[in-house]
Structures are given as C-alpha cells and as structure tokens.
Number of protein chains: 2
Amino acid sequence: MNIGHASKRSGVSTKMIRYYEQTGLIPKAARQDSGYRDYDDADVHRLRFIRRARDLGFTVGQIGALLELWSDRSRASADVKSFALDHIAQLKEKIAEIEAMVRTLETLADHCHGDDRPECPIIEGLADGNGTFSTPGQREPRHFGQPGEHPARRRSDAARRATHQ
Amino acid sequence: MNIGHASKRSGVSTKMIRYYEQTGLIPKAARQDSGYRDYDDADVHRLRFIRRARDLGFTVGQIGALLELWSDRSRASADVKSFALDHIAQLKEKIAEIEAMVRTLETLADHCHGDDRPECPIIEGLADGNGTFSTPGQREPRHFGQPGEHPARRRSDAARRATHQ
DNA sequence: ATGGTGCTTCCAACCATGGGAAGGTCAAGC
DNA sequence: GCTTGACCTTCCCATGGTTGGAAGCACCAT
C-alpha cells in the first residue's frame, strides 16, 4: 500500500507519516521495488492510533510512550490509567489558564462602553494594569493553542493591517 | 536605560525585546554611545503593555493591532471592544476543544480498572476507537490488536519519562 | 589590568505541520 | 511507442514564541 493510501485510511497526512518515521515514532517503512514506501494494515492501525492520540492532545513524545504501552502486553492497566489521568490534569490546567484570560478580558470588556468615544478600559487595563488584572503569577510557556492551527477569522481592520503588513 | 534594566522593569526578556524590535512590533531602540540599546519610561510602558497582552493570549500580530489602537486617540472604544470580544470567542473555542478531549479521556479512564491486569479500555479506545470519540458509543467486540514489531525503542517506564520531558 | 558581567549580532533549536521544488515511477489513453 | 497526470521520492523553508549558545565588544569595580 502506497503512502497516499495509508494516509487516507489513517487520517494522517503523508507529510506527517514521513515525519513520524524520520523522528523514530514509527519504524522505517518497508519499500517497494520502486522505492515507494509500503504499508500494511498493521501500519495503518498504528497510524490511526497516533491520530486519535493527537486528537486527544497528546504530544508526539507522549504518543511514543503510549505506543510502547500498547505493545507491551505485560504492563498493568494502572500504568495506562495514571498516564491518562496525568494528561487530563494537564489539560485541565490549560483550561484554567485560558479561563482566567477570558475572565479578565470579559471584566475589561464589560466596563467598556463600546460606543464611538475613545475612552476604553480595555486598552487602559493593558496599558496601566490597574487592579482589574489579577496577575497570573508565573509567566509560563505559552502554547495553549494546537500547533498548526491558525483559524481564519474575521478581524478588525487594525488587526488585518498589522498581520499582513 | 540598558536593555537588561528595561527587561526587569517590564517583565519582558531581553531576548524578546530584541525579537519584538526585529519583527517590527516595537520601533528600533535608540542607541547609547557604546552601541547599547537605550530605553526610557515610555518604552518600558509599551513593553509592559505587550507583556500584559501576551498574558491574555493575544498573538504578536494582534498585539500590533492593539498597540495601534492604543496610540490612536481618535478610534472608538467600540473598535477595541469588538477586538476583545473576538478574542474572547476564540479563547472559548479553544476551551471547548480541550474540554472535549478531557471528556473523552475521562470516559475512557472511568472504564479502566487501573489495576495490575493488562486489559485497558484507554489503549483499546485509542487503537480501535470510533474516530471522533465525541460520543463513547461502543461498537464491536474489541480484541487486542498488536501492531507489528516495535523496534529497539525498549524503555521500561517510558510513560513517566514522556510526561516529564 | 583583570575579571566579571552586560551588551552586541548571528545561528540553531523546540513542536507539529504545511508548502513547494526537482525529479523518479506508474498506469492510463492516444 | 509517447504523453499526461497522479503519485511518489528527498530536500529545504516557513510558521509562532521563545530560549539557548557562541564569539566578540563595552563597561564597571577592584
């Protein structure tokens, strides 16, 4: 089976399949006479596993561990469970972080008239950090976003100008 | 004021300050005779603005727009407000995504005994799950499909290592 | 003057993904 | 046969935000 077919059947892009092979997450694929990579059902199965794990927010490093747990018939289900619970806790932390942002922004926005006058507590809050900011203590790694995901959305003129300049 | 001092006073690392200058988010800094960058209070003020905006999850591009809105005394507060509301909606979307992951994982984990036996619905869900996981409606008897040989990536407690890396 | 620290620039890495170029392979149609 | 087009190969580049490091000056205190 060619890589394209394996890609369609697994939902993992060909780019990613090659990348996973290159980084050692999956073993080197067999090759056809032509030099094309050759996949079988077991490979597709593993790729689907990977895609589902990614959909659940696991990093590639974590997926490597999950693959090992998958293939290790002697490991206890408790090992898997604690791994999952760990990840759940991480995700919840992330949610809490973003919720804090939302709360702050909503507070600021609530106090903004949103009319044609220039006074704006939102900008002032950013500029002067007056009480409205319950400071998030530590400045931790940012990327709460799913990488590669840059949703095209409607933006104000100012935003468009700034990003497309 | 040297960059190090400006960094301490603004909470933005020197690396980031140079990066922001390089990418045009902030204007090129003045220079001292020595060639060192020279900052004044207004610069620090702007850097703090940036840091707070980052803490609220705005991208650098969005911050550029916010800086414009900040310095534009004629803009209506409605402009800022819609910008903020837009961002809030975005953050909420992200929260919903992660919450969906959590829900799925919790469902899987709930069904896992978490004892020393190997049977584990979490791994099985990843291996044989129904694509979206959104509703854990189970189909199919599941059996333990092992992927092909797993090469030399033989690590005992890979799970612990992966979560701590 | 010597050492330590701060500053400069440049270059690379992280993660996951996508884009694209330059070229090889294959199966179909004429 | 030969062309076309879809597919595959490897290689390099870009993203976003940040950090790390190296090589080499500038500054300050002793």
Side-chain angles (χ1 to χ4, degrees), chain A residues 1-26 28-39 47 50-65 90 94 97 138-152 159 162-165, chain B residues 1-26 28-39 47 50-65 90 94 97 162-165:
Chain A
M1 183 189 338
N2 283 347
I3 195 172
H5 195 194
S7 167
K8 262 165 210 143
R9 284 187 46 198
S10 66
V12 180
S13 73
T14 60
K15 285 276 188 187
M16 282 299 99
I17 295 176
R18 295 196 193 96
Y19 170 75
Y20 292 149
E21 176 181 326
Q22 193 195 326
T23 57
L25 182 67
I26 56 177
K28 302 218 167 201
R31 296 290 179 143
Q32 302 164 2
D33 291 344
S34 57
Y36 290 7
R37 284 176 181 78
D38 198 12
Y39 297 93
L47 287 171
I50 292 171
R51 191 185 62 75
R52 286 193 198 100
R54 287 260 353 107
D55 286 346
L56 290 179
F58 288 100
T59 67
V60 173
Q62 289 172 324
I63 294 175
Q90 266 175 50
K94 191 142 296 182
E97 265 177 45
Q138 83 264 11
R139 273 183 57 65
E140 280 305 317
R142 176 126 273 104
H143 40 294
F144 52 85
Q146 291 297 0
E149 198 173 334
H150 295 290
T163 26
H164 295 333
Q165 69 190 353
Chain B
M1 181 188 337
N2 282 347
I3 196 174
H5 194 195
S7 166
K8 263 164 210 145
R9 286 189 43 198
S10 66
V12 180
S13 73
T14 59
K15 287 275 189 189
M16 282 299 97
I17 295 175
R18 295 195 194 97
Y19 169 75
Y20 291 149
E21 176 181 325
Q22 193 195 327
T23 57
L25 182 65
I26 56 179
K28 303 220 165 197
R31 296 291 179 143
Q32 302 163 0
D33 292 344
S34 56
Y36 289 7
R37 284 175 180 78
D38 197 11
Y39 298 92
L47 287 170
I50 292 171
R51 190 183 65 74
R52 279 190 271 263
R54 290 290 300 135
D55 285 345
L56 290 178
F58 288 99
T59 67
V60 174
Q62 289 172 323
I63 294 175
Q90 220 181 83
K94 184 65 46 187
E97 267 176 43
T163 33
H164 295 339
Q165 71 188 354

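Just so we're on the same page: letters track the sequence lines, and every chain starts at 1.
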Interatomic distance where CD belongs to B/Gln22 and P belongs to D/dG17 [whole Å]: 14 Å
side-chain contact (heavy atoms from CB on, under 4.5 Å) between B/Leu47 and B/Arg51, worked out: CA-CA 6 Å; B/Leu47 287 170; B/Arg51 190 183 65 74; over 6 Å; no
Can you give each donor-acceptor pair under 3.5 Å made by side-chain atoms of residues 6-16 of chain A, sequence neighbours left out, with the distance rounded to 0.1 Å?
unit_1  : atom_1 : unit_2  : atom_2 : d
A/Ser7  : OG     : A/Val12 : O      : 2.7
A/Arg9  : NH1    : A/Asp41 : OD1    : 3.3
A/Arg9  : NH2    : A/Asp41 : OD1    : 3.0
A/Ser10 : OG     : A/Ala6  : O      : 2.8
A/Ser10 : OG     : A/Ser7  : O      : 3.4
A/Ser10 : OG     : A/Val12 : N      : 3.2
A/Ser13 : OG     : A/Met16 : N      : 3.1

Rounded distance in Å - CG (A/Asn2) to C1' (C/dC26): 9 Å
Residues A/Ile63, A/Tyr20; criterion side-chain contact (heavy atoms from CB on, under 4.5 Å); working and verdict: CA-CA 11 Å; A/Ile63 294 175; A/Tyr20 292 149; 5.7 Å; no
Touch class at under 4.0 angstrom, heavy-atom based, for B/Thr14 against every strand present: nothing
Whole-Å distance separating the CD atom of A/Glu21 from the P atom of C/dA16: 17 Å
CG on A/Asp38 to CD1 on A/Ile3, rounded to 0.5 Å: 11.0 Å
Protein-nucleotide distance (A/Ile17, atom CD1; D/dC8, atom C1'), rounded to Å: 13 Å
Under 4.0 angstrom between A/Tyr20 side-chain N/O and C/dT17 OP1 or OP2: yes
Spacing of B/Asp33 atom CG relative to D/dC28 atom P, expressed in whole Å: 11 Å
Nearest-Å distance for atom pair CD/C1', residues B/Gln32 and D/dC28: 14 Å
Between protein and nucleotides 8-11 of chain C, what N or O pairs are separated by less than 3.5 Å?
unit_1 : atom_1 : unit_2  : atom_2 : d
C/dT8  : OP1    : B/Arg37 : N      : 2.7
C/dT8  : OP1    : B/Arg37 : NH1    : 3.0
C/dT8  : OP2    : B/Arg18 : NE     : 2.9
C/dT8  : OP2    : B/Arg18 : NH2    : 2.8
C/dT8  : OP2    : B/Arg37 : NH1    : 3.4
C/dT8  : O5'    : B/Arg37 : NH1    : 3.4
C/dT9  : OP1    : B/Arg31 : NH2    : 3.1
C/dT9  : OP2    : B/Arg37 : NH1    : 2.9
C/dT9  : OP2    : B/Arg37 : NH2    : 2.8

A/Met16 CE - C/dG19 P separation (whole Å): 11 Å
Interatomic distance, A/Gln62 CD vs C/dA16 C1' [rounded to whole Å]: 14 Å
With sequence neighbours excluded, residues passing salt bridge (charged side-chain N to carboxylate O under 4.0 Å, His left out) with B/Arg18: none
Bending between helix ends of the helix from C/dA1-D/dT30 to C/dC30-D/dG1 [5 pairs per end, 10° resolution]: 30°
Under-4.0 Å side-chain N/O to phosphate OP1/OP2 contact, B/Ser34 with D/dC27: yes
Minimum-distance pair of heavy atoms, taken over all atoms of A/Arg54 and A/Thr59: NH1-CA, 3.6 Å
Nearest-neighbour nucleotide for the B/Ser13 side chain, C/dA16, D/dC7, D/dT19 considered: D/dT19
CE-CZ distance between A/Met1 and A/Arg37, expressed to the nearest 0.5 angstrom: 14.5 Å
Straight-line distance of B/Lys94 NZ to B/Gln90 CD, nearest 0.5 Å: 8.5 Å
